[in-house]
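Report on one structure; see the data block that follows.
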Amino acid sequence: MRLLLIHADRIEYEVKGKTKFAEEIKESAKKGEMDEVLTAFISIESIDEKNPEEVADKAIDEIRDVAQKVKADNVMLYPYAHLSDDLGSPETSMEILKNLELGLKEEFNVDRAPFGWYKSFEISCKGHPLSELSRRITPSEEKEKETTAIEAEEKAKSSFYILDLNGDLHAPETFNFSEHKNLEKFYIHEFSRRRTSDKVPPHVPLMRREEIADYEPASDPGNMRYYPKGRLIKSLLEDYVLERCMEDGAMEVETPIMYDTAHPALKEYLKRFPARRYEINSEKKKLFLRFSACFGQFLMNKDMTISYRNLPLKMVEMTRYSFRKEKRGELTGLRRLRSFTMPDMHTICYDMREAMEEFKRQYRLSMDLLDDIGLKKEDYEVAIRFTRGFYDENKEFIRELVETIKKPVLIEIWEERFFYFVLKFEFNFIDALDKASALSTVQIDVENAERYGIKFVDKDGSDKFPIILHCSPSGAIERVMYALLEKGTMEDIPTLPTWLSPTQIRIIPINEEDLDYAEEIYEKIKISGIRGDIDDRDETLGRKIRDAEMEWIPYIAVIGDREKKNRNLSVTMRKKKEREEINIGDLLTIIKSETEDLPMKRLSLPYKLSMRAKFV
RNA sequence: GCCUCGAUGGCUCAGUUGGCAGAGCGGCUGACUUGUAAUCAGCAGGUCGAGGGUUCAAAUCCCUCUCGAGGCUCCA
């Protein structure tokens with residue numbers, strides 16, 4: 001509905017003739033006039049047909065609101081088709097107009113000009129700032145779409161338990177959390193889903209100060225910019241996670257980031273994230289941006305010829321990006337974004353038995369991979385969620401998962417399956433403000449093979465539907481960065497794993513004359529593929545050390561006359577919290593052993609600090 | 001979407017009762033040549049988010065709008 005609101009000293013009208021939609025009116029309604037009046041010119045549009053009652057209610061609120069502000073006691077409702085080029089049906093329009101009249105009658109003197117007549121009118125607008133306003137009112141868009149997923153979730157009755165190392169299931173209320181503080185925080189986070197904290201998460205100022213990532217005001221909220229250091233860390237993580245998946249047998253693929261909303265196979269799946277899509281209106285199609293690589297890979301799988309001999313069959317994509325239009329207030333720093341980079345791996349399995357084997361394997365893979373990234377099992381809590389039916393048949397299997405992580409886990413049991421999976425786990429990071437967010441996750445999907453028509457040929461030549469695993473072994477890469485930064489803020493001496501440190505060795509010459517030696521050392525570092533840089537700025541030693549410490553640089557090498565003479569370095573080892581006299585060869589060996597088998601990339605900034613511009 | 005808070009130099013922020021727009025950091029220039037977490041001095045830098053109103057006078061009070069942050073909810 002389009003509204004044009006005019007606060008007028010006076011309006012008067014007179015009907016001149018019928019259109020073919022004209023409503024029946026009494027002789028007395030053929031003329032009308034009002035003084036000190038808020039006149040609402042109204043066009044009802046086709047989109048309003050979706051929910052005429054809601055539109056009428058909203059319009060009543062709007063008109064009432066304005067009328068109160070301008071202190072008008074009289075309201076003239078004036079049907080006026082010329083505000084829109086996409087009009088609703090006359091029937092709906094009449095219905096809405098009558099509702100408006102009824103709804104406003106209690107508080108105002110209301111007159112309604114007849115619908116469907118040619119009319120002449122005269123109006124004198126007051127001309128103050130609020131005297132002319134236009135408004136557009138539309139029915140809330142996602143009303144229908146949302147229902148399925150949300151109703152399903154509400155219907156899904158679930159109960160929480162703690163499963164300990166002995167395989168005993170405890171009610172959380174009676175479980176002794178004293179040795180498992182983080183698990184308790186996680187449970188509270190999951191169960192109560194309610195905490196208030198008006199603090200900015202510590203990683204937010206940190207990501208800016210360290211020139212890692214930042215908000216980009218010119219984009220949509222939740223779309224970040226990454227500075228060279230941030231891009232380097234992110235890129236290393238992306239490479240690493242992808243490499244581990246491929247090592248585990250996954251084939252890397254690439255799929256489109258946008259899809260047609262009208263595609264039949266996608267329709268149902270879209271309900272998973274109701275009202276959370278970024279939409280793009282192309283000429284004829286209504287496209288949406290992917291929120292994972294599921295569609296892309298499933299559509300590819302559907303067209304493949306897959307034999308039982310090819311199973312388990314894995315595909316992976318580092319989705320840069322996946323998009324979810326989260327509500328504005330849900331977005332926070334790097335924890336929750338609207339565009340994010342997520343590794344998405346799918347495994348096509350012969351049957352449930354094979355799916356469970358793979359599930360276990362990917363559970364271990366996720367643990368192992370987070371460990372290399374610098375997130376130890378003390379840093380996250382495990383949730384395993386499944387249906388009652390699955391548990392009754394697979395108690396031992398669940399117990400093994402607990403044994404693998406060697407600590408109690410949170411269990412959620414659903415009375416019935418309400419979505420596409422029967423079993424999932426997540427590793428949840430607990431941050432400095434006691435908030436939990438999911439990192440790694442694997443789900444066993446029993447529904448999508450059939451929905452997408454993904455089949456394999458079995459030994460006997462018959463087509464079968466496989467079971468499909470969804471796996472994000474690290475979770476979103478940005479979220480991994482958030483976890484690393486948050487973890488740092490909880491420690492006395494925060495560190496990043498050496499392989500992820502933007503600068504691995506900082507060389508600090510004491511005097512200008514030491515620059516030659518600094519360059520010589522730098523060359524050796526560079527040749528060995530390690531990231532080193534030189535603080536050649538005209539600053540005091542104390543200042544240079546401080547800046548290096550604030551950057552969490554794992555090895556800070558000071559060189560002066562002494563070191564030059566002894567051909568060695570005075571190195572502050574951040575992790576060991578001590579200083580050592582060491583020669584460059586030995587230092588490189590130490591760093592190599594720490595970064596073995598992990599991705600290496602060159603320095604992302606000029607190696608001389610005097611050459612570096614400031615980003616923040 | 002709802003609630004709360006905010007927007008002043010590149011960054012972080014101060015600005016009293018409405019009365020000449022400030023500081024620290026960063027930048028630039030110069031001095032200093034330093035031994036393990038901030039050397040000193042000088043200079044430059046502002047349409048106080050936008051529009052309107054009140055007033056002799058608005059960063060400050062009022063209205064509208066825009067943008068941002070946190071929370072609720074949700075998730076990778």
Side-chain angles (χ1 to χ4, degrees), chain A residues 69 128-130 133 140-142 149-150 153 189-190 193-201 204-205 208-209 211 214-222 272-276 291-293 319 321-344 383 424 426-429 433 435-443 470-480 482-483 493 506 508-514 535 538-551 553 556-563 570-572 578-579 613-616:
Chain A
K69 269 190 194 143
H128 62 77
L130 283 176
L133 295 169
S140 18
E141 239 178 56
E142 306 296 341
I150 287 175
E153 241 161 274
H189 187 274
E190 275 293 304
R193 300 195 153 158
R194 217 189 131 70
R195 283 130 288 96
T196 45
S197 155
D198 46 7
K199 288 189 204 126
V200 180
V204 173
R208 305 195 63 228
R209 195 193 82 202
E211 302 194 328
D214 210 341
Y215 299 113
E216 175 49 77
S219 182
D220 200 37
R272 178 82 182 100
F273 295 98
R276 299 225 157 178
F291 36 82
S292 70
T319 63
Y321 294 106
S322 287
F323 298 88
R324 294 183 197 175
K325 192 154 184 164
E326 308 291 7
K327 291 182 213 158
R328 175 60 197 77
E330 293 168 341
L331 305 166
T332 310
L334 289 171
R335 181 173 65 197
R336 192 111 187 261
L337 297 167
R338 282 186 177 169
S339 63
F340 55 99
T341 308
M342 184 178 58
D344 203 1
K424 75 180 279 195
E426 312 126 34
F427 295 159
N428 291 273
F429 177 78
L433 301 178
K435 301 200 176 295
S437 15
L439 295 168
S440 320
T441 181
V442 178
Q443 305 160 356
H470 301 239
C471 170
S472 187
S474 64
I477 301 296
E478 294 84 354
R479 191 171 276 185
V480 169
Y482 138 82
I493 300 186
R506 163 74 42 87
I508 302 184
I510 295 174
N511 283 306
E512 266 174 53
E513 300 83 70
D514 304 320
D535 193 344
D538 183 17
E539 297 287 350
T540 56
L541 177 63
R543 178 50 184 270
K544 294 185 195 179
I545 295 286
R546 177 171 194 266
D547 288 349
E549 297 280 13
M550 302 245 297
E551 283 187 60
I553 293 172
I556 303 171
V558 172
I559 56 177
D561 291 345
R562 236 169 30 223
E563 289 76 16
S570 167
V571 179
T572 302
E578 60 186 40
R579 209 153 75 218
K614 295 224 153 23
F615 284 90
V616 185

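In what follows, every chain begins at residue 1, and chains take the letters A, B, ... in the order their sequences are listed.
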Which nucleotide wins on minimum distance to the side chain of A:Asp561, given the candidates B:G35, B:G71, B:A76?
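Nearest to the side-chain atoms of A:Asp561, counting from C-beta on, is B:G35.
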Closest approach to the side chain of A:Thr441, judged atom by atom: which nucleotide of B:G71, B:U36, B:A76 is it?
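In terms of side-chain proximity for A:Thr441, the closest of B:G71, B:U36, B:A76 is B:A76.
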On the side chain of [X], is there an atom forming a donor-acceptor pair with the base of [N] - under 3.5 Å, no angle test?
| X | N | answer |
| --- | --- | --- |
| A:Ser570 | B:U36 | yes |
| A:Glu216 | B:G68 | no |
| A:Arg324 | B:C75 | no |

A:Arg324 side-chain N/O to A:Phe291 backbone N/O, donor-acceptor pair under 3.5 Å:
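Side chain of A:Arg324 to backbone of A:Phe291: a pair is present.
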Do any side-chain nitrogens or oxygens of [X] fall under 4.0 Å of OP1 or OP2 in [N]?
| X | N | result |
| --- | --- | --- |
| A:Lys614 | B:G27 | yes |
| A:Thr540 | B:U39 | yes |
| A:Ser472 | B:C75 | no |
| A:Tyr215 | B:G70 | yes |
| A:Arg543 | B:G26 | yes |

Looking at every strand, decide which applies to [X] at a 4.0 Å heavy-atom threshold: base, sugar-phosphate, or nothing.
| X | result |
| --- | --- |
| A:Asp538 | base |
| A:Ser474 | nothing |
| A:Arg208 | sugar-phosphate |
| A:Gly542 | sugar-phosphate |
| A:Asp547 | nothing |
| A:Ile477 | nothing |
| A:Pro343 | nothing |
| A:Ala557 | nothing |
| A:Gly222 | nothing |

Closer to the 5' end of RNA chain B via nearest nucleotide, is it A:Pro221 or A:Leu337?
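Its nearest nucleotide being more 5', the pick is A:Pro221.
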Quick one: on RNA chain B, does A:Leu334 or A:Ile559 contact a more 5' nucleotide (nearest heavy atom)?
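Its nearest nucleotide lies further toward 5', so the answer is A:Ile559.
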Paired nucleotide for [N] [Watson-Crick or G-U wobble; both distances under 3.5 Å]:
| N | value |
| --- | --- |
| B:U60 | none |
| B:G30 | B:C40 |
| B:U12 | B:A23 |
| B:U47 | none |
| B:G18 | none |
| B:A7 | B:U66 |
| B:C2 | B:G71 |

Taking every non-hydrogen atom, the tightest pair across A:Lys435 and A:Arg335
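Answer, listing the atom of A:Lys435 first, then A:Arg335: CD-NH1, 3.1 Å.
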State, to 0.1 Å, how close A:Gly222 and A:Leu331 come at their nearest heavy-atom pair, and which atoms those are.
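Scanning both residues, the minimum pair turns out to be N-CD1, 4.0 Å.
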When the [atom1] atoms of [N] and [M] are considered, how many whole Å apart are they?
| N | M | atom1 | answer |
| --- | --- | --- | --- |
| B:A76 | B:A37 | P | 45 Å |
| B:A58 | B:G52 | P | 13 Å |
| B:C11 | B:G27 | P | 15 Å |
| B:C67 | B:G24 | P | 35 Å |
| B:A23 | B:C48 | C1' | 16 Å |

Would a 4.5 Å heavy-atom cut-off, applied to side chains only, mark [X] and [Y] as touching?
| X | Y | answer |
| --- | --- | --- |
| A:Tyr482 | A:Ser437 | yes |
| A:Arg479 | A:Phe429 | no |
| A:Val204 | A:Tyr215 | yes |

A:Thr572 vs A:Glu549, side chain to side chain contact (heavy atoms under 4.5 Å, CB included): CA-CA, chis, key distance, verdict
CA-CA 10 Å; A:Thr572 302; A:Glu549 297 280 13; 4.1 Å; yes
